[in-house]
Amino acid sequence: MTTAKPQLSLYNTLTRSKVLFVPEDANNVRLYACGPTVYDFAHIGNGRAAIVFDLLFRVLRHTYGADHVTYVRNITDVDDKINARALRDHPDLPLNAAIRKVTETTAAQYQKDTAALGCLEPTIQPRATENIDEMQKLIGSLLQRGHAYEAGGEVLFAVDSMPDYGQLSGRNLEDNLAGARVAVETHKRNPADFVLWKLSSAEEPGWDSPWGRGRPGWHIECSAMSERYLGETFDIHGGGLDLIFPHHENEIAQSRCAHGSHAMANVWMHNGFLQVEGQKMSKSLGNFFTIHDLLETEAFGGRKWPGEVLRLAMLMTHYREPIDFSQRRLEEAVNLLEKWERAAADAEPATEVSPDLVERLADDLDTSGAIARIHALIMDEGRAADGLALAGLMGITVKRDVQVDGAVATQVSARLAALNAKDFAEADRIRNDLAAQGIALMDYKDETGARQTKWEVKR
């Protein structure tokens with residue numbers, strides 16, 4: 001007899017309550033999360049969002065079946081920040097070529113970084129520039145329905161055309177107007193109106209449209225991409241707290257008004273803010289760190305931090321709570337993983353995760369409760385396999401049995417030969433391969449002055 005999986009409960013920002021999650025179609029569960037704007041390497045706050053919604057993706061797949069869940073995470077590759085970065089970094093290239101170089105490099109780094117954090121690839125990762133037709137169609141519908149207008153070379157959304165604008169953020173139209181500077185943009189009918197399409201100069205990237213050569217506003221991009229791949233209404237939309245207003249509020253306005261629908265997404269989920277050592281992360285304070293910084297340099301705490309350590313440290317705090325990202329927290333994650341590795345050295349993960357073990361995750365992704373359960377199981381010799389299986393469901397890697405054998409010795413010898421031949425690229429390649437296996441190398445010279453290498457198993 002098959003035991004029923006626990007029912008998911010999720011906190012819905014729109015209703016400000018925890019709700020029993022019921023998908024519109026259990027055979028086609030649909031999740032959308034806002035992805036990166038690819039003008040710079042992703043910082044650790046971006047990393048938290050990637051981990052949170054990867055975990056949700058994993059739990060949905062476990063509950064409904066991997067073939068019945070679609071996860072869309074977009075890539076914003078048209079944006080004024082991208083244009084500025086392209087001009088700054090590649091002034092010798094034509095603008096379109098410079099933009100392409102920036103976006104390709106940054107998007108590739110994002111994929112590498114999130115993979116290192118244990119994130120699965122989303123089902124679909126659409127690029128904004130590949131969905132311009134969908135954006136123009138949506139804008140056309142808004143104009144036709146009287147929710148948008150042309151002014152000052154732009155197409156703008158008319159917020160006062162939507163009576164219940166502001167439900168997600170809890171901000172009514174009067175609140176939005178109170179602090180607005182009307183004189184700044186006099187072509188707007190209402191200071192809270194936002195851009196759907198703006199004209200491009202000859203030097204800026206642009207696409208032909210019924211309103212002139214131009215480019216989309218930020219908010220319309222996600223509305224168009226989510227509709228194309230998930231439908232006019234779908235199950236869950238996610239992102240960071242900072243996106244609630246104006247980005248997600250404006251997505252809802254665009255999508256609902258374009259289709260006359262009651263909802264864009266049925267559940268809205270948002271992860272909490274991240275601080276570094278008790279302070280807001282900022283470049284001016286010198287505490288701004290990218291995922292790449294943490295993985296590949298010794299910029300934070302004087303050491304590199306493996307992806308599984310970063311992931312566990314993030315998941316030790318509930319996703320809706322603010323997180324203080326600190327060296328102490330990372331060291332706690334290192335120590336916990338090492339305890340698990342020693343205790344489960346001879347265990348193989350269970351082939352399935354018992355339904356009762358998923359109860360904490362099913363309760364609005366209670367990761368701290370799930371981690372406590374993993375610890376109790378792994379430290380119980382008879383249940384270590386179950387603990388490893390639950391850790392695996394959460395995307396947490398517990399390295400149990402790294403073998404330093406003849407194959408590793410052969411690689412070390414090949415690296416020494418490369419160093420002696422001054423083939424440093426090959427030597428670095430071998431070192432990186434061994435590092436990926438958890439093998440750290442230490443070079444030294446013996447009493448004769450000959451180059452030697454010793455190694456040890458590390459996290």
Side-chain angles (χ1 to χ4, degrees), residues 1-11 18 20-21 47-48 50-66 69 115-120 271 305-321 323 328-403 437-438 457-459:
M1 185 174 92
T2 302
T3 305
K5 291 183 170 64
Q7 177 67 57
L8 299 183
S9 293
L10 301 172
Y11 184 84
K18 193 186 296 186
L20 202 63
F21 175 63
R48 186 185 194 191
I51 290 170
V52 165
F53 293 104
D54 172 73
L55 176 63
L56 177 60
F57 182 37
R58 289 170 179 270
V59 172
L60 291 172
R61 284 161 55 100
H62 175 78
T63 305
Y64 297 98
V69 180
L117 294 176
C119 297
L120 301 173
N271 62 276
W305 301 96
E308 64 269 20
V309 171
L310 299 176
R311 185 180 183 94
L312 178 58
M314 293 281 194
L315 294 178
M316 287 163 69
T317 299
H318 189 272
Y319 79 92
R320 286 195 286 116
E321 297 298 321
I323 186 171
R328 179 180 176 183
R329 173 53 60 94
L330 292 176
E331 289 170 348
E332 288 176 4
V334 169
N335 293 335
L336 191 56
L337 282 167
E338 288 177 347
K339 286 180 182 178
W340 293 352
E341 290 166 8
R342 289 192 294 269
D346 298 323
E348 288 292 336
T351 55
E352 292 186 10
V353 182
S354 174
D356 66 294
L357 300 183
V358 190
E359 288 178 354
R360 297 321 315 148
L361 292 178
D363 183 11
D364 194 32
L365 304 183
D366 177 10
T367 51
S368 56
I371 289 169
R373 190 69 190 277
I374 291 170
H375 185 70
L377 290 168
I378 288 181
M379 302 311 288
D380 178 348
E381 188 174 345
R383 300 293 305 277
D386 288 329
L388 290 174
L390 181 55
L393 173 60
M394 293 179 66
I396 299 170
T397 302
V398 180
K399 296 187 175 77
R400 296 171 296 106
D401 188 22
V402 180
Q403 296 291 333
Q437 301 172 50
V457 179
K458 288 218 171 215
R459 283 231 39 75

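Quick note: residue numbers are just sequence positions, from 1.
A distance of 8.0 Å separates CG in L312 from CE in M394, rounded to the nearest 0.5 Å. Taking CG of N335 as the start and CG of L330 as the end, the distance is 11.0 Å to the nearest 0.5 Å. Atoms CZ and CG, from F53 and L365 in turn, are 8.5 Å apart once rounded to the nearest 0.5 Å.
In this structure, the side-chain contact (heavy atoms from CB on, under 4.5 Å) partners of E321, at least two apart in sequence or on a different chain, are T317, H318. Under the ring-ring contact (aromatic ring centres under 6.0 Å, His included) criterion, F57 pairs with Y71, sequence neighbours left out. Applying the side-chain contact (heavy atoms from CB on, under 4.5 Å) test to S368 and every residue at least two apart in sequence or in another chain returns D366. Checked against salt bridge (Lys or Arg N to Asp or Glu O under 4.0 Å), R311 has the following partners two or more places apart in sequence or in another chain: D54. Scanning for side-chain contact (heavy atoms from CB on, under 4.5 Å) contacts around E359 gives D356, with sequence neighbours left out. Scanning for side-chain contact (heavy atoms from CB on, under 4.5 Å) contacts around A343 gives I378, M379, with sequence neighbours left out.
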Side chain to side chain contact (heavy atoms under 4.5 Å, CB included) between L336 and I371: does it pass, once the steps are laid out? CA-CA 10 Å; L336 191 56; I371 289 169; 3.9 Å; yes
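Here the side chain of Q7 pairs a donor or acceptor atom with the backbone of F21 at under 3.5 angstrom.
Note on ring orientation: taking the six-membered ring where Trp is involved, the planes of W340 and H375 are tilted (angle from 30° to 60°).
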